[in-house]
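Structure first, commentary second.
Not measured: the values here are computed from a predicted model.
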Protein chains: 2
Amino acid sequence: MIASETNPQMPEEWLACLKNHGHRITAPLKALVEILAVSSRALGPLELVELGRKSCPGMGLVTVYRALEKMEEAGLIQRVHQNQNCNMYLRAAHGHEHLLLCLSCGKIEFFSGDNLNELIGRIAQKSGFVIREHWLQLYGICSDCQEKDDNQ
Amino acid sequence: MIASETNPQMPEEWLACLKNHGHRITAPLKALVEILAVSSRALGPLELVELGRKSCPGMGLVTVYRALEKMEEAGLIQRVHQNQNCNMYLRAAHGHEHLLLCLSCGKIEFFSGDNLNELIGRIAQKSGFVIREHWLQLYGICSDCQEKDDNQ
DNA sequence: GTAACTGCAAACGCTTTGCACCAAG
DNA sequence: CTTGGTGCAAAGCGTTTGCAGTTAC
């Protein structure tokens with residue numbers, strides 16, 4: 001099972017978390033939470049206003065930036081780094097998850113179960129570094145996009 | 001042995017490579033190559049102009065951007081992604097190298113010898129993705145910075 | 001000699017800040 | 001009622017583009 005299967009109760013949990021962090025639950029924030037909590041793609045500020053305006057017309061771009069700041073600080077979302085755009089956001093990893101990104105459609109799944117301890121120990125010894133964290137991402141083509149390619 | 005040990009002949013090889021790509025070898029380009037080919041830290045445009053002006057006074061920031069474009073296109077440098085700044089450049093990885101970054105001083109070493117085939121195969125099977133590439137980075141504290149911390 | 005490269009200045013686009021009004025609690 | 005949040009407009013900042021002069025080859 002892949003961990004990115006969406007959990008329909010998540011938006012409510014996000015709002016509770018944001019409330020706990022001292023933030024008010026406003027319509028724009030709620031709209032953005034409902035988008036980001038279930039998105040299987042990383043989204044940038046411009047996409048987020050556009051999507052957000054569907055349920056919250058007139059939402060300003062500035063509000064998106066401020067909401068992203070709050071959600072990131074609350075540990076709900078993470079910035080996704082890709083070759084080009086590093087300003088896209090996705091729900092934060094739970095525990096020891098890493099990202100698997102589709103190079104064609106941008107879909108992202110989470111995976112876990114890497115065991116890098118042996119490698120990390122070896123590199124630490126060779127380099128003299130004390131290793132604090134690691135960052136692993138896999139890039140490929142998701143099954144939907146493979147089918148699309150086959151049909152062309 | 002860590003692969004980032006600098007190779008003194010590298011700047012000349014970079015210039016030959018850039019020439020092969022149809023670029024003229026000018027003073028600013030040469031100065032920037034001499035900096036980037038041997039740097040053990042990722043450098044941003046502003047740091048690069050500043051460093052470049054030591055051997056090439058009056059160098060413009062625009063020239064740095066254009067030189068970076070050429071070097072990246074020629075495969076000589078890569079963009080380094082970090083939590084904050086994603087606009088810093090380092091020599092490109094040779095073959096199957098990955099990065100090991102010092103969180104304290106920014107020093108970067110290359111390492112190789114990861115074996116993720118088993119993991120990649122398992123994730124491919126579970127997710128249905130065809131995996132094309134992977135991206136692995138380790139973050140830690142280098143031995144110099146460990147000593148500094150000890151002395152404080 | 002010619003075309004690519006340079007540095008400057010202006011333009012551009014994304015992000016942040018200031019502010020008056022609004023609304024959550 | 002209080003104060004954090006909103007949307008607008010303006011400012012800020014890193015990057016890109018246009019251009020006339022310069023230089024590699």
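A:Lys30 comes within contact range of no nucleotide atom at all, as no heavy-atom separation falls under 4.0 Å. Counting non-hydrogen atoms under 4.0 angstrom, B:Gly58 reaches the backbone sugars and phosphates but no base. Residue-level contact check: B:Leu46 touches neither bases nor backbone, having no heavy atom under 4.0 Å from any strand.
Within the 4.5 Å cutoff, side-chain heavy atoms of B:Leu119 are placed close to those of A:Leu136. Side-chain contact between A:Thr63 and A:Thr26 is absent, with no heavy-atom pair separated by less than 4.5 Å. Annotation: side chain of A:Ile77 is in contact with side chain of A:Trp14 (closest heavy-atom distance under 4.5 Å).
As a whole-Å value, the separation of B:Glu69 CD from D:dG14 C1' is 15 Å. For the pair B:Leu61 CG and C:dA10 P, the interatomic distance rounds to 16 Å; values are reported in whole Å. Counting to the nearest Å, the P atom of D:dA24 and the CG atom of B:Leu18 are 16 Å from each other. In this structure, A:Arg66 places its CZ atom 11 Å from C1' of D:dG4, rounding to the nearest Å. One can place CZ of B:Arg53 at 9 Å from P of C:dG7, the figure rounded to the nearest angstrom. Rounding to whole angstrom units, NE2 of residue A:His21 and C1' of C:dA24 are separated by 19 Å. When rounded to the nearest whole Å, the span between OH of B:Tyr65 and C1' of C:dG7 equals 15 Å. With rounding to whole Å, B:Asn87 atom CG is found 18 Å from C:dG13 atom P.
Among the nucleotides C:dT6, C:dG7, D:dG7, the one closest to any side-chain atom of B:Lys70 is C:dT6. Of the candidates C:dA9, D:dT15, D:dT6, the closest approach to any side-chain atom of A:Thr63 belongs to D:dT6. For A:Pro28, counting side-chain heavy atoms from C-beta on, the closest listed nucleotide (C:dC8, D:dT23, D:dG7) is D:dG7. Distances from the side chain of B:Thr26 to the nucleotides D:dC8, D:dA24, C:dC8 place D:dA24 closest.
In the hydrophobic clustering of ILVMFWY residues, with side-chain heavy atoms under 4.5 Å counting as a link, B:Tyr65 and B:Met88 come out apart.
For C:dA4, the OP1/OP2 oxygens have no side-chain nitrogen or oxygen of B:His23 closer than 4.0 Å.
Ring orientation note: the planes of B:His96 and B:His134 are tilted relative to one another, at an angle of 30° to 60°.
Place B:Gly22 and B:Val62 on DNA chain C by their nearest nucleotides, and B:Gly22 ends up nearer the 5' end.
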